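Following: one structure in structure tokens, then a few remarks.
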2 protein chains.
Amino acid sequence: MPRELRHPDPRDVPLDRVLSALGDPVRLRIMAVLADREEHPREDFEVGVGPSTVSHHMRTLREAGLTRHRLEGTRCFVSLRKETLRRYPDVLEGVLRTCAQEAVAAGGPAAGSGGERG
Amino acid sequence: MPRELRHPDPRDVPLDRVLSALGDPVRLRIMAVLADREEHPREDFEVGVGPSTVSHHMRTLREAGLTRHRLEGTRCFVSLRKETLRRYPDVLEGVLRTCAQEAVAAGGPAAGSGGERG
DNA sequence: ACCGTACATCGATATTCGTCGAACATCGAA
DNA sequence: TTCGATGTTCGACGAATATCGATGTACGGT
């Protein structure tokens with residue numbers, strides 16, 4: 001794991017990039033985990049795909065300015081970037097509320113307990 | 001042109017599909033045109049790509065439940081679907097406001113008056 | 001009846017994206 | 001220093017997407 005991960009200035013990220021980052025079911029499940037505004041260890045994100053794929057989606061969210069990744073030892077903690085929430089308040093609060101609800105409707109937190117991979 | 005175009009029930013459209021439909025610069029320019037909540041003739045959407053490509057993006061928005069397409073003679077009028085705006089109020093109002101602002105920032109309505117196609 | 005207009009749809013192509021498994025990097029522990 | 005754990009990065013592959021030009025379809029005008 002590199003010592004540090006790239007975190008772009010949110011002001012460099014256009015809206016279409018943010019929305020496109022959010023327009024994926026796996027990444028929306030990740031956002032649903034983060035919807036409580038807490039920092040979560042990577043193990044919390046059991047979203048139904050393999051580890052390298054989770055990494056890929058994590059990177060997409062991070063490079064869209066949505067998440068912050070803090071490395072501590074061999075582990076990684078993820079949280080929402082408040083600056084970005086403040087930049088698109090309605091959009092992002094709405095997405096967080098909605099995807100949290102949909103995750104519940106779709107069968108509980110992390111929505112992949114059954115392991116329906118594909 | 002067919003007599004009528006497919007308009008899905010917005011409740012069948014999951015959030016990730018809506019966001020993914022919005023996550024494209026061309027479609028965001030289309031939304032910017034519609035942000036005034038008026039019905040617009042197709043000619044209003046000079047968004048910098050060819051006619052068939054505009055059709056493609058229009059279809060994407062329509063099938064995400066975002067727009068309504070009314071055919072009148074050989075012409076077509078496009079408007080936002082209020083039912084969908086009501087379903088995701090914060091998200092969509094926020095997107096509309098933001099993309100309208102960004103369109104202005106990017107060089108005026110329709111953002112393609114110069115015809116920089118490519 | 002014919003032709004032009006306006007737009008949708010089709011077919012082709014190039015690019016992007018989601019996914020996996022393998023390889024790599026960093027840290028903590030033995 | 002060696003080993004295992006954690007998570008990122010790389011390489012490959014199929015699926016989806018953005019784009020165009022050509023074709024198709026319905027309508028309005030002549």
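What's counted below: heavy atoms across the whole structure, side chains too, no hydrogens, waters or symmetry copies. Residue numbers begin at 1 in each chain, while the letters A, B, ... track the order of the sequences. Keep in mind it's a predicted model, so treat the numbers as computed, not measured.
- Phosphate contact (OP1/OP2 of D/dT17, side-chain N/O of B/H57, threshold under 4.0 Å): absent.
- Between B/H56 and A/R75, it is A/R75 whose nearest contact on DNA chain D lies nearer the 5' terminus.
- Atoms CD (A/E4) and P (D/dG7) sit 17 Å apart, rounded to a whole Å.
- The CG atom of A/D44 sits 14 Å away from the P atom of D/dT6 (whole-angstrom rounding).
- Looking only at distances, no side-chain donor or acceptor of B/T84 sits under 3.5 Å from a matching main-chain atom of B/P10.
- Taking atom CZ of residue A/R42 and atom P of nucleotide D/dA5, one finds them 17 Å apart after rounding to whole Å.
- For the pair A/D24 CG and D/dA15 P, the interatomic distance rounds to 17 Å; values are reported in whole Å.
- Rounding to whole angstrom units, CZ of residue B/R70 and P of C/dA6 are separated by 17 Å.
- With D/dG7, D/dT9, D/dA18 as the candidates, the nucleotide lying closest to the side chain of A/S52 is D/dT9.
- Here the side chain of A/H40 pairs no donor or acceptor atom with the backbone of A/L34 at under 3.5 angstrom.
- Of the candidates B/R29, B/R62, B/R27, B/H57 forms a side chain to side chain donor-acceptor pair (under 3.5 Å) with just one, namely B/R27.
- For the pair A/M58 CE and D/dT6 P, the computed distance is 15 Å after rounding to whole Å.
- As a whole-Å value, the separation of B/L71 CG from C/dA6 C1' is 11 Å.
- Environment of CD in B/E43: crowded, with over 12 heavy atoms of neighbouring residues, nucleotides or ligands closer than 6.0 Å.
- The same ILVMFWY cluster, assembled from side-chain heavy atoms under 4.5 Å apart, contains both A/L85 and B/L19.
- In this structure, the side chain of B/R42 does not engage the main chain of B/C76 through any donor-acceptor pair within 3.5 Å.
- For residues 12-23 of chain B, proximity to DNA chain C is found at no residue, defined as any non-hydrogen atom under 4.0 angstrom from a strand atom.
- A continuous path of Ile, Leu, Val, Met, Phe, Trp and Tyr side chains, each step under 4.5 Å between heavy atoms, connects A/V13 with A/L96, placing both in one hydrophobic cluster.
- One atom, NE2 of A/H69, and another, C1' of D/dT6, lie 15 Å apart when rounded to the nearest Å.
- Phosphate proximity of D/dT8 to A/R62: absent, as no side-chain N or O sits under 4.0 Å from OP1 or OP2.
- A/R17 CZ: 12 or fewer foreign heavy atoms inside a 6.0 Å radius.
- We find that A/E93 and A/R37 are joined by a salt bridge, their nearest charged nitrogen and carboxylate oxygen being less than 4.0 Å apart.
- Counting any heavy atom pair closer than 4.0 Å across all strands shown, B/R6 reaches no nucleic acid atom.
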Any chance you could list the contact pattern along nucleotides 25-30 of chain C? Use B for base contacts, S for sugar-phosphate-only contacts and - for none, protein heavy atoms under 4.0 Å, 5' to 3'. BSB---
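- For B/C76, the side-chain atoms get nearest to C/dA8 when compared with the rest of D/dT9, C/dA8, D/dC20.
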